[in-house]
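Read through the structure below, which is laid out as structure tokens, and then see the notes.
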Amino acid sequence: MRPTPAGTRRTPRLRAALLALLIAGAGTSLSGAPAQAAPRMDTSQFKGVNWADPRDNFADDPVVLSGLSLSDSYAQTYTKSSRVISAFRANLGANTVRLPINPYTVNGTYWKSYRAVIDAASAKGFKVILSYWEGTGPRKDGFIDDQATYWPMWNTVVKAYKSDRNVYFEPMNEPHGYTDTEWADLAAKWLDTYASVPRNRVFVSGAGYNDHVTTVCADPRLKGTYLSLHHYGFWKEYATYDQWVADLKVRIGDCANRTVADEFGAHMTTGFDYNKPAPDNNFVNYMQAVTDTFRELKMGSVYWPGLRTGDTYSLQTLTGDPSRPWLATTNQSGADRLAWAWGRGKAVRP
């Protein structure tokens with residue numbers, strides 16, 4: 001789950017100084033020659049889900065996705081991941097998975113095994129979005145935890161996957177510690193550092209809690225990238241269907257042609273029926289409004305979460321032998337709304 005977006009916070013002087021150092025002196029560049037201008041954006045191609053660590057991906061150690069184990073070898077991780085990815089496709093019709101990374105995962109020994117998740121998904125033709133998550137506790141403040149480990153992490157990831165056209169890079173998840181301008185500066189630095197990565201394989205998070213893309217969309221330095229938006233029903237105690245549509249559209253502005261909602265979600269294990277109007281139910285109003293809007297605007301969307309153990313929002317749950325897992329759908333009406341957002345299925349009828 002994500003905390004309710006707050007107003008933009010004032011950055012302390014120490015943070016501003018660290019940001020200046022970060023912008024001025026990133027780690028080793030893998031830039032090479034600048035990439036060619038990106039082709040026309042098509043966000044509707046992203047039909048996906050998030051696969052998450054049970055701890056919500058905020059961790060001060062390696063992220064271990066639900067159903068996997070830190071002790072698994074590359075081969076064991078590959079087998080499990082292949083089955084989970086196949087289940088996402090079979091059960092939901094997904095073609096995209098968003099995965100967390102952090103320096104503990106990439107810069108340590110677990111990277112050898114964690115790569116199997118990415119490799120298995122790519123081998124099955126899935127688009128893979130790799131997003132940096134900050135730590136937990138006092139580190140969960142919307143800032144990059146440590147530039148000395150952040151840039152080496154991305155050096156390793158980009159070197160490993162810049163030639164894999166199925167892999168996309170999201171420099172940071174929910175950069176709410178930075179002002180809109182500071183975040184745009186940092187995103188531009190990432191693009192300059194990894195200029196050999198095509199712009200259309202980068203997801204620039206919306207400012208704040210990824211809760212609006214209008215400022216990053218307007219920044220010419222970020223031209224040609226996808227923009228990622230997060231949007232949740234718990235951000236309001238109650239809103240009507242029309243109010244949810246209006247709320248979503250103002251966060252997108254005129255940038256729908258570049259925007260992918262790579263987190264949105266609602267309760268799936270509590271018995272809500274998202275296929276029927278229920279005007280008094282905030283989450284039903286929300287889920288119907290956002291999926292209708294994604295379809296209307298031809299936007300890609302990546303549900304949170306496709307799989308996360310212990311999360312009432314999880315649309316899938318693990319079944320079968322833990323060494324050869326499969327998935328079951330927790331709420332068919334929720335799956336139906338995803339299908340509708342992705343251009344299939346049926347509209348909600350009174």
Side-chain angles (χ1 to χ4, degrees), residues 1-7 43-44 46-50 52 56 91-94 174 206 208-214 228-257 259-308 310-317 328-350:
M1 297 306 110
R2 297 290 179 262
T4 303
T43 75
S44 67
F46 298 99
K47 302 171 173 64
V49 295
N50 284 264
D56 201 21
N91 294 352
L92 302 174
E174 298 183 348
Y209 286 90
N210 278 65
D211 56 70
H212 61 285
V213 299
T214 48
S228 67
L229 179 76
H230 294 180
H231 197 254
Y232 281 105
F234 69 86
W235 288 354
K236 297 180 186 293
E237 183 175 345
Y238 175 80
T240 65
Y241 172 96
D242 289 339
Q243 288 170 334
W244 276 121
V245 170
D247 181 88
L248 177 58
K249 286 186 173 181
V250 76
R251 298 174 187 275
I252 299 168
D254 60 358
C255 303
N257 65 326
T259 301
V260 176
D262 70 7
E263 280 193 29
F264 74 102
H267 296 287
M268 291 295 160
T269 63
T270 56
F272 289 162
D273 186 346
Y274 295 104
N275 283 332
K276 296 179 180 179
D280 293 334
N281 187 313
N282 179 58
F283 286 98
V284 172
N285 291 341
Y286 157 83
M287 194 66 179
Q288 293 174 356
V290 296
T291 52
D292 281 354
T293 302
F294 297 154
R295 183 183 177 105
E296 173 196 342
L297 298 178
K298 297 180 172 60
M299 279 176 52
S301 57
V302 183
Y303 180 82
W304 175 276
L307 179 61
R308 178 186 170 212
D311 189 339
T312 64
Y313 282 34
S314 188
L315 192 50
Q316 300 285 281
T317 188
T329 299
T330 59
N331 187 317
Q332 187 56 50
S333 69
D336 291 344
R337 290 310 95 220
L338 259 66
W340 179 250
W342 296 342
R344 308 191 313 269
K346 298 179 180 179
V348 172
R349 301 295 184 191

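Quantities reported herein were computed from a predicted structural model and do not represent experimental measurements.
- With values rounded to the nearest 0.5 angstrom, T259 atom OG1 is found 9.0 Å from L297 atom CG.
- Between the side chain of R295 and the main chain of R344, a donor-acceptor pair closer than 3.5 Å is present.
- Looking at every heavy atom in both residues, G233 comes nearest to W244 through O-CZ2, 3.4 Å.
- Looking only at atom types and distance, the side chain of N275 has no donor-acceptor partner in the side chain of R349 under 3.5 Å away.
- Of the possible polar contacts, none joining the T312 side chain to the T270 backbone as a donor-acceptor pair under 3.5 Å is found.
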Note to self: One pair to check against side-chain hydrogen bond (donor to acceptor under 3.5 Å, both in side chains): H231 and D211. What are the steps and the verdict?
What the structure shows: CA-CA 6 Å; H231 197 254; D211 56 70; over 6 Å; no
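- For the side-chain hydrogen bond (donor to acceptor under 3.5 Å, both in side chains) test, residues two or more places apart in sequence or in another chain that qualify with N91 are Q316.
- In this structure, the separation between CZ on F234 and CG on N282 is 11.5 Å, given to the nearest 0.5 Å.
- Closest heavy-atom contact between H230 and Y209: CB-O, 3.6 Å.
- Considering only residues two or more places apart in sequence or on other chains, K249 meets the salt bridge (charged side-chain N to carboxylate O under 4.0 Å, His left out) condition with E296.
- Of all heavy-atom pairs spanning G334 and L315, the tightest one is C-CD1, 4.2 Å.
- Between the side chains of Q243 and Y238, not a single donor N or O lies within less than 3.5 Å of an accepting N or O.
- Residues M287 and L338 are in side-chain contact: their nearest non-hydrogen atoms beyond the backbone lie under 4.5 Å apart.
- The backbone N or O of R308 sits less than 3.5 Å from a side-chain atom of S314, completing a donor-acceptor pair.
- Contacts of S333 classified as side-chain hydrogen bond (donor to acceptor under 3.5 Å, both in side chains), with partners at least two apart in sequence or in another chain: N331.
- The closest side-chain heavy-atom distance from V348 to P277 is below 4.5 Å.
- Applying the ring pair (Phe, Tyr, Trp, His ring centres under 6.0 Å) criterion to F283, with sequence neighbours excluded, gives H267.
- In terms of heavy atoms, D262 sits closest to S228 at OD2-CB, 3.2 Å.
- With hydrogens and angles ignored, the 3.5 Å screen pairs no side-chain donor or acceptor of D336 with any backbone N or O of K346.
- You'll find the side chain of L248 reaches within 4.5 Å of the side chain of F294, heavy atoms only.
- When side chains are defined from C-beta on, Y232 counts as touching Y313, because their heavy atoms get closer than 4.5 Å.
- Side-chain contact check for V284 versus D273: every heavy-atom pair is 4.5 Å or farther apart.
- The two atoms that bring C255 and V213 nearest to each other are CB-CG2, 4.1 Å, heavy atoms only.
- The shortest distance between side-chain heavy atoms of Y274 and M268 falls below 4.5 Å.
- Between the side chain of Y286 and the backbone N or O of G265, at least one donor-acceptor pair lies under 3.5 Å.
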Next item on the list: Verify ring-ring contact (aromatic ring centres under 6.0 Å, His included) between Y303 and F264, making sure each step is shown before the conclusion.
Entry: CA-CA 5 Å; Y303 180 82; F264 74 102; 5.5 Å; yes
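- Among residues two or more places apart in sequence or in another chain, the salt bridge (charged side-chain N to carboxylate O under 4.0 Å, His left out) test is passed with D292 by none.
- A search for salt bridge (charged side-chain N to carboxylate O under 4.0 Å, His left out) contacts involving K236 returns D247, not counting sequence neighbours.
- Annotation: side chain of L229 is not in contact with side chain of N210 (no heavy-atom distance under 4.5 Å).
- Note that the CG atom of N50 and the CG atom of L307 stand 10.5 Å from one another [nearest 0.5 Å].
- The shortest distance between side-chain heavy atoms of V49 and L92 falls below 4.5 Å.
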